[in-house]
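Report on the structure given below.
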Amino acid sequence: MAKNKGPRTVQCYHCRHRFEVGGRAQSTSCPGCNKPLIVEDLVFDTKRSGIGRIKVQTCGTITVKKGGRVTAELVEAHGGVVCLGTIEAKKVISGRTLVLGKASLFYGALQAPAVDMAAGARVKPSLFEVPSDPLGLGDLEEN
Amino acid sequence: MAADGESTIVGSDSHFEGKLSFERTAKINGKFDGEIRGKGELQVSQNALCKADVQAGAVAVDGRIEGNVKAGDTVRLNGSGVVKGDIVAAKMVMQEGASFYGMCAVGPDAGQGAPPAPPKPEPSKGGEAGKK
């Protein structure tokens with residue numbers, strides 16, 4: 001049975017406009033710029049699941065499971081990123097804490113308010129800016 | 001500087017400028033300007049400021065380091081820790097709340113060239129014997 005979730009505030013990753021969506025919404029259009037938005041949580045659990053996409057963006061969370069791999073120019077998740085597999089990107093923006101598991105491999109210029117990195121995580125030479133709030137989500141209440 | 005057991009300690013009311021070398025453990029509680037090299041673990045306490053390039057077996061940061069950090073084993077960036085500079089280490093643990101601005105390279109290959117990991121403390125004979 002689906003969880004009964006209330007509305008939540010999201011921020012458009014195109015124009016940064018903020019608005020409310022239903023708790024169970026998976027995608028919508030931004031009322032500010034009319035562009036389509038993904039607001040659901042994305043999960044990548046296979047080696048090929050996230051490869052070849054130029055931008056992987058969501059207003060929710062991105063979870064890369066063990067064995068999963070995301071290769072993209074931009075990875076952006078306003079709800080936070082959990083990486084237990086591999087993320088290779090030019091730029092990674094996490095609106096909340098980036099979690100790097102003990103078997104994770106990470107590459108990309110990172111902007112996140114916080115990082116929780118376990119011993120054993122590997123990072124290819126990458127620029128880290130922690131904490132940073134590129135989305136101005138600091139004042140957006142937790143959903 | 002004072003000796004405490006086998007540790008080298010820069011006290012909280014001290015300001016040290018220059019090169020520091022150590023074998024086992026060094027703890028910075030005050031201010032340090034210069035260069036730090038050691039085979040063991042460097043601990044930077046919560047209110048400490050360390051403007052130095054650091055090369056050590058392991059580094060634990062609760063205070064602030066402004067400079068590049070290279071560790072043969074683990075860099076532990078605790079919740080109150082701040083690093084402005086590059087980090088190269090075989091392993092890195094970063095807690096929520098820690099701040100880090102710089103390039104980061106972590107992995108078994110990344111720390112090559114840094115001092116080897118600090119020697120692990122010998123297990124206490126009493127405790128081991130008790131388990132057996």
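Every chain is numbered from 1 and lettered A, B, ... according to where its sequence line falls, protein lines coming before strand lines.
Hydrophobic clustering, with ILVMFWY side chains joined whenever heavy atoms are under 4.5 angstrom apart, keeps B/Val54 apart from B/Val93. One hydrophobic cluster, built from ILVMFWY side chains closer than 4.5 Å, holds both B/Leu20 and B/Val75. Note: the hydrophobic cluster containing A/Leu105 does not contain A/Val92 (ILVMFWY, side chain heavy atoms under 4.5 Å, direct or indirect links). Both B/Ile87 and B/Val59 are assigned to one and the same hydrophobic cluster, defined by single-linkage of ILVMFWY side chains at heavy-atom distances under 4.5 Å. Hydrophobic clustering, with ILVMFWY side chains joined whenever heavy atoms are under 4.5 angstrom apart, groups A/Leu37 together with A/Ile62.
Here B/Met94 contributes atom CE and A/Phe128 contributes atom CZ; the two are 7.0 Å apart, rounded to the nearest 0.5 Å.
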Polar contacts chain B-chain A (donor-acceptor, d < 3.5 Å, no H, no angle):
| residue | atom | partner | partner atom | Å |
| --- | --- | --- | --- | --- |
| B/Met94 | N | A/Met117 | O | 3.1 |
| B/Met94 | O | A/Met117 | N | 2.8 |
| B/Glu96 | OE1 | A/Thr97 | OG1 | 2.7 |
| B/Phe100 | N | A/Val130 | O | 2.5 |
| B/Phe100 | O | A/Val130 | N | 2.9 |
| B/Tyr101 | OH | A/Pro131 | O | 2.9 |
| B/Gly102 | N | A/Phe128 | O | 3.1 |
| B/Gly102 | O | A/Phe128 | N | 2.8 |
| B/Cys104 | N | A/Ser126 | O | 2.7 |
| B/Cys104 | O | A/Ser126 | N | 3.0 |
| B/Val106 | N | A/Val123 | O | 2.8 |
| B/Val106 | O | A/Val123 | N | 2.7 |

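More than 12 heavy atoms of other residues, nucleotides or ligands sit less than 6.0 Å from atom CG of B/Asp33.
Contacts between A/Ala118 and chain B at a heavy-atom distance below 4.5 Å involve the backbone alone (N, CA, C, O).
Residue B/Cys104 is tested with A/Leu127, A/Val123, A/Val130 for a side chain to side chain contact (heavy atoms under 4.5 Å, CB included); the sole match is A/Val123.
The two residues A/Met117 and B/Met92 come nearest to each other via the heavy atoms SD-O, 3.4 Å.
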